[in-house]
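Just so we're on the same page: letters track the sequence lines, and every chain starts at 1. These numbers come from a predicted model, not from an experiment.
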There are 2 protein chains.
Amino acid sequence: MDVKTLCLGVLSMGERSGYEIKKTVEESFHHFFRAGYGSIYPALAELERAGHVAGREVAQEGRPAKRVYGITATGRDLLGRTLVGEEPRHVVRSEFLVLMYFAHLLPAERLAAVLDTMIARFRDGLAADLDHYARTHDQLTAGQRFALGYGRTVVAAALDYLERHRETLLDEVTVSDASGRPQAGDALAAAGD
Amino acid sequence: MDVKTLCLGVLSMGERSGYEIKKTVEESFHHFFRAGYGSIYPALAELERAGHVAGREVAQEGRPAKRVYGITATGRDLLGRTLVGEEPRHVVRSEFLVLMYFAHLLPAERLAAVLDTMIARFRDGLAADLDHYARTHDQLTAGQRFALGYGRTVVAAALDYLERHRETLLDEVTVSDASGRPQAGDALAAAGD
DNA sequence: AGCTGGATATATCGAGTCGATACATCGTGA
DNA sequence: TCACGATGTATCGACTCGATATATCCAGCT
């Protein structure tokens, strides 16, 4: 599934501009999908060229004019066929966990800082999520509640893991650093070659 | 962090060919990172050009010759600096959850099939993971145990959520379909193309 | 009055990634 | 013998990401 399909899906819930599509994705798909303008605008252009969406200019007072897109009948058809036809992918790409995998190459302060950053990020994300859910949950479909609930559950589990293993990891890494193995900070300081 | 850094990291654990790097990533980073040949081979070529890794041909009997790379001193230095300097990203891209978000556009059988596919995938992944962990856990560093444990915990939480909400979602979607709203399967059957 | 920062809005470019594919060698089992 | 799968290197097009440019308007500060 590419951003084209995502746009069709969002537009199936109502007319939106490119900017507003990105806002919707950020709010509703926060935990499991993202899309930048560099993907959205070309996708919209291609969809319009193919007749799956129709755009029209909308003047606004107090802010720039926008181009609002609506999904067409063929667009709805394409969306249905794409959702049925593609196998469901689910990919995690975590540079954070790669960093943790190589924790023994990091200075202890850096390790602690990274851990704290992620804990804060997950906490904030969860709070924003809960807030968004509370404001909208009575208008959501079963599928929307399911997807949002999944994200919330998984992030909560991740946060819990981080909080419960932070100290242990920090201790173990410090101990093994102290036991003779050189740490990256040292190597760096000595690296003068 | 790009695949170049990933390669340096893997090579810091020992010499490997491009093919073997991919194997290592699949085994050890299964839950949180992946890299294809289309990224690994160019990364290796660029790293060698810059002097961060050194490659040599190794003949093998009974299988094709391979080109094995080892990390150099400047490579180790670059790895340390990169791991310290980059902010930790963590991105999930789940077409599966987008699909669930739009569950009301899916025929019930398709929805059930997608759910079952994901449950099976997570179950298998978890089993392979447990197996890999059991075979290697006494040689792992604290950071490696932490990263692997994170992956295991999060996948287990996801699997649990899926198993506990599968029936509910299926019921709710079926009910709302029956209550008059047309479903994608109908639209598709009527579309005649 | 003037200036800055931030939200709204569209658009593009280069760098990097992904998935598919091509090619080649060798062992194993039908 | 012959297809298949594992090992191995390599590349190409399509797509995505992140940064950046441009522009308008409001709110708040000096």
Distance in angstrom units between [X] [atom1] and [N] [atom2], rounded:
X: R67(B); N: dT7(D); atom1: CZ; atom2: C1'; answer: 17 Å
X: L44(B); N: dG8(D); atom1: CG; atom2: C1'; answer: 13 Å
X: I40(A); N: dC13(C); atom1: CD1; atom2: P; answer: 18 Å
X: E27(A); N: dA7(C); atom1: CD; atom2: P; answer: 14 Å
X: H90(B); N: dC17(D); atom1: NE2; atom2: C1'; answer: 18 Å
X: E46(A); N: dT12(C); atom1: CD; atom2: P; answer: 14 Å
X: K66(A); N: dC25(D); atom1: NZ; atom2: P; answer: 15 Å
X: Y41(A); N: dA19(D); atom1: OH; atom2: C1'; answer: 15 Å

What residues 7-20 of chain A contributes to the DNA chain D interface at heavy-atom separation below 4.0 Å is none
message: Just to be sure I understand the rule, does K22(A) reach a base, reach only the sugar-phosphate, or reach nothing, if contact means heavy atoms closer than 4.0 Å?
response: nothing
### E26(B)/K22(B) ion pair, N-O < 4.0 Å
yes
- Query: Any salt bridge between K23(B) and E20(B), counting N to O under 4.0 Å?
  - Reply: no
Members sharing V91(A)'s hydrophobic cluster, built from side-chain contacts under 4.5 Å between Ile, Leu, Val, Met, Phe, Trp and Tyr, are none
Besides L130(A), the hydrophobic cluster formed by Ile, Leu, Val, Met, Phe, Trp and Tyr side chains linked at under 4.5 Å, directly or via other members, contains none
Taking distance alone, no hydrogens or angles, what donor-acceptor pairs closer than 3.5 Å link side-chain atoms of residues 131-139 of chain A to residues at least two apart or in another chain?
{"from": "D131(A)", "atom 1": "OD2", "to": "R135(A)", "atom 2": "NH1", "distance (Å)": "2.6"}
{"from": "T136(A)", "atom 1": "OG1", "to": "H132(A)", "atom 2": "O", "distance (Å)": "2.8"}

Protein heavy-atom contacts under 4.0 Å, written 5' to 3' over nucleotides 15-24 of chain C as B (base), S (sugar-phosphate only) or - (none), form the string -SSSB-----
So salt bridge (charged side-chain N to carboxylate O under 4.0 Å, His left out) across residues 67-76 of chain A, not counting sequence neighbours, yields E48(A)-R67(A), E57(A)-R67(A)
Hey, can you pull the donor-acceptor pairs under 3.5 Å for the side chains in residues 32-43 of chain B, sequence neighbours left out?
none

Side chain to side chain contact (heavy atoms under 4.5 Å, CB included) filter on A157(A), not counting sequence neighbours, yields A157(B)
Please list, one pair per line, the donor and acceptor atoms closer than 3.5 Å that link side chains of residues 92-102 of chain A to other protein atoms, with sequence neighbours excluded.
{"from": "S94(A)", "atom 1": "OG", "to": "F96(A)", "atom 2": "N", "distance (Å)": "3.4"}
{"from": "S94(A)", "atom 1": "OG", "to": "L97(A)", "atom 2": "N", "distance (Å)": "3.0"}
{"from": "S94(A)", "atom 1": "OG", "to": "H90(B)", "atom 2": "ND1", "distance (Å)": "2.7"}
{"from": "E95(A)", "atom 1": "OE1", "to": "M1(B)", "atom 2": "N", "distance (Å)": "3.0"}
{"from": "E95(A)", "atom 1": "OE2", "to": "M1(B)", "atom 2": "N", "distance (Å)": "3.2"}
{"from": "E95(A)", "atom 1": "OE2", "to": "R89(B)", "atom 2": "NH2", "distance (Å)": "3.3"}

